[in-house]
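One structure is given here, and the rest of the page talks about it.
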Amino acid sequence: VDALGNGISTSPSNSISQAGQDFPAITIGDMVDAQYRLLTERFGLKRIHGAVGGSMGGMQIFEWLVRYPEYIQRAVPYVSSPRLSSYDLLVMNFRREIIETGRRNGVTDREIMTLLNMNNELLGRTPDYIHERQSRNDFNTYLTAFDREPSSQFTVDNYLTQLNAMIDHDISRHFGKSIELAAKQVRGNVMVIVSETDHLIHPAPAIEFARLINAGLTVLQNDCGHLAVGCEIEMTSQLIQAFFSM
């Protein structure tokens with residue numbers, strides 16, 4: 001299901017009455033509510049067997065677990081978090097500052113996206129990954145690749161809208177900021193996958209929550225950082241398939 005703000009679902013880039021910076025703030029909970037209404041009102045599904053999502057998609061999974069605890073029987077959030085750590089908030093606010101400072105100073109969307117593309121590369125992998133796989137001799141070619149025409153679908157406004165939703169994300173907000181009380185709401189079976197080398201979303205909050213709800217926990221230990229699942233896609237695919245087949 002396309003998430004609000006991604007340029008395909010309802011977004012700043014395609015809204016007729018509230019386009020661009022006039023688009024209202026949305027939350028991860030809004031995304032989940034929209035999905036719930038689609039599944040129940042459009043498709044008439046009273047319950048679903050499973051849901052899986054990574055990164056911001058994983059945030060939606062965590063929100064599902066406490067917002068509609070009886071609806072999903074099995075859930076797999078990966079390289080994600082039930083609420084952002086202080087490190088995550090620093091990363092996300094740095095990205096927001098890139099956009100807002102650029103906008104205040106007349107920087108083009110292409111230049112803003114170039115900086116965000118570089119930031120994604122810097123934090124999406126690890127220093128070892130880049131050092132070992134990117135030749136220093138080809139660095140100029142590597143660097144210029146970040147400067148490209150921005151997407152007409154996933155625009156800077158869309159990026160900022162989803163970024164703000166992630167900054168706001170915290171499933172404990174519904175329970176007096178207590179992650180322990182939030183954990184007590186979970187009813188379905190959960191398997192959490194994190195990356196030990198994740199520089200984009202710190203794994204500690206997800207690990208803590210997995211332990212609170214007695215979930216299955218897999219900690220990937222490769223040098224791929226936030227994209228660790230992709231580097232072990234065969235193993236993680238088999239793991240998820242086995243979990244959903246139980």
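All residue numbers in this chain count up from 1 along the given sequence.
Residues Gln73 and Asn189 are not in side-chain contact: their nearest non-hydrogen atoms beyond the backbone lie 4.5 Å or more apart. Inter-residue side-chain proximity for His202 and Ser81 is flagged as unmet; no heavy-atom pair is nearer than 4.5 Å. Taking the side chain as every heavy atom from C-beta outward, Arg74 and His49 approach each other to under 4.5 Å. Between Val192 and Thr218 the shortest side-chain heavy-atom distance does not fall below 4.5 Å.
Alongside Ile8, the hydrophobic cluster contains no other residue (criterion: ILVMFWY side chains under 4.5 Å). The other members of the hydrophobic cluster of Phe243, by chain and number, are Val52, Val76, Tyr78, Val79, Met191, Ile193, Leu220, Val229, Ile233, Met235, Leu239, Ile240, Phe244, Met246 (side-chain heavy atoms under 4.5 Å, ILVMFWY only).
Between Arg83 atom CZ and Ile179 atom CD1 the span is 4.5 Å, to the nearest 0.5 Å. Summarising the geometry, atom CZ belonging to Phe94 is positioned 8.0 Å from atom CG belonging to Leu115; distances are rounded to the nearest 0.5 Å. The line from CZ of Arg96 to CG of Leu89 is 9.0 Å long, rounded to the nearest 0.5 Å. Atoms OH and CG, on Tyr87 and Leu200 in that order, are 7.5 Å from each other to the nearest 0.5 Å.
One finds no salt bridge joining Glu132 and Arg125 here, because no Lys/Arg side-chain nitrogen approaches an Asp/Glu carboxylate oxygen to under 4.0 Å. Between Lys177 and Asp170, at least one side-chain nitrogen of the basic residue sits less than 4.0 Å from a carboxylate oxygen of the acidic one, meeting the salt-bridge criterion. Under 4.0 Å is where a charged nitrogen must lie from a carboxylate oxygen, and between Asp109 and Arg103 at least one such pair does.
The two residues Gly53 and Ile61 make their nearest non-hydrogen contact at N-CG1, 3.7 Å. The two residues Pro12 and Asn158 have their closest heavy-atom pair at CD-OD1, 2.9 Å.
Side-chain atoms of Arg110 do not come within 3.5 Å of backbone N or O of Val107 as any donor-acceptor pair. Thr197 contributes a side-chain N or O that, together with a main-chain N or O of Gly225, makes up a donor-acceptor pair within less than 3.5 Å. Judged by distance alone, the side chain of Asn119 and the main-chain N or O of Leu116 form no donor-acceptor pair under 3.5 Å. When atom types are taken as modelled, the side chain of Asp128 and the backbone of Asp223 share no donor-acceptor pair closer than 3.5 angstrom. In this structure, the side chain of Arg47 does not engage the main chain of Leu45 through any donor-acceptor pair within 3.5 Å. Here the side chain of Asp138 pairs no donor or acceptor atom with the backbone of Thr141 at under 3.5 angstrom. Within the 3.5 Å criterion, the main-chain N or O of Asp30 finds no donor-acceptor partner in the side chain of Asp33. Here the side chain of Ser80 pairs a donor or acceptor atom with the backbone of Met59 at under 3.5 angstrom. A donor-acceptor pair under 3.5 Å is absent between the side-chain atoms of Ser11 and the main chain of Asn14, judged by distance alone. In this structure a side-chain-to-backbone donor-acceptor pair under 3.5 Å is present from Gln162 to Leu4.
Taking a 6.0 Å sphere around CZ of Arg133, one finds it holds more than 12 heavy atoms contributed by other residues, nucleotides or ligands. Shown here is Arg104, whose CZ atom has more than 12 heavy atoms of other residues, nucleotides or ligands within 6.0 Å.
Side-chain contact of Glu232 with Thr236: a donor-acceptor pair under 3.5 Å is absent, judged by distance alone.
Qualifying salt bridge (Lys or Arg N to Asp or Glu O under 4.0 Å) partners for Glu234, counting only residues two or more places apart in sequence or in other chains: none. Taking the ring pair (Phe, Tyr, Trp, His ring centres under 6.0 Å) definition, one finds that Phe175 meets it with nothing, sequence neighbours left out. A search for side-chain contact (heavy atoms from CB on, under 4.5 Å) contacts involving His131 returns nothing, not counting sequence neighbours.
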### Query
Going through the distances and angles, do His226 and Ser195 end up as a side chain to side chain donor-acceptor pair (under 3.5 Å)?
CA-CA 6 Å; His226 189 60; Ser195 167; over 6 Å; no
### Query
Yes or no on side chain to side chain contact (heavy atoms under 4.5 Å, CB included) for Gln60 and Met56, after CA distance, side-chain angles and deciding distance?
CA-CA 7 Å; Gln60 294 168 60; Met56 191 185 78; 3.8 Å; yes
### Query
Run the side chain to side chain contact (heavy atoms under 4.5 Å, CB included) check on Val194 and Asp198 step by step: do they pass?
CA-CA 8 Å; Val194 299; Asp198 199 333; over 6 Å; no
Acceptor/donor pairs from residues 207-215 side chains to any protein atom, 3.5 angstrom cut, sequence neighbours excluded:
none

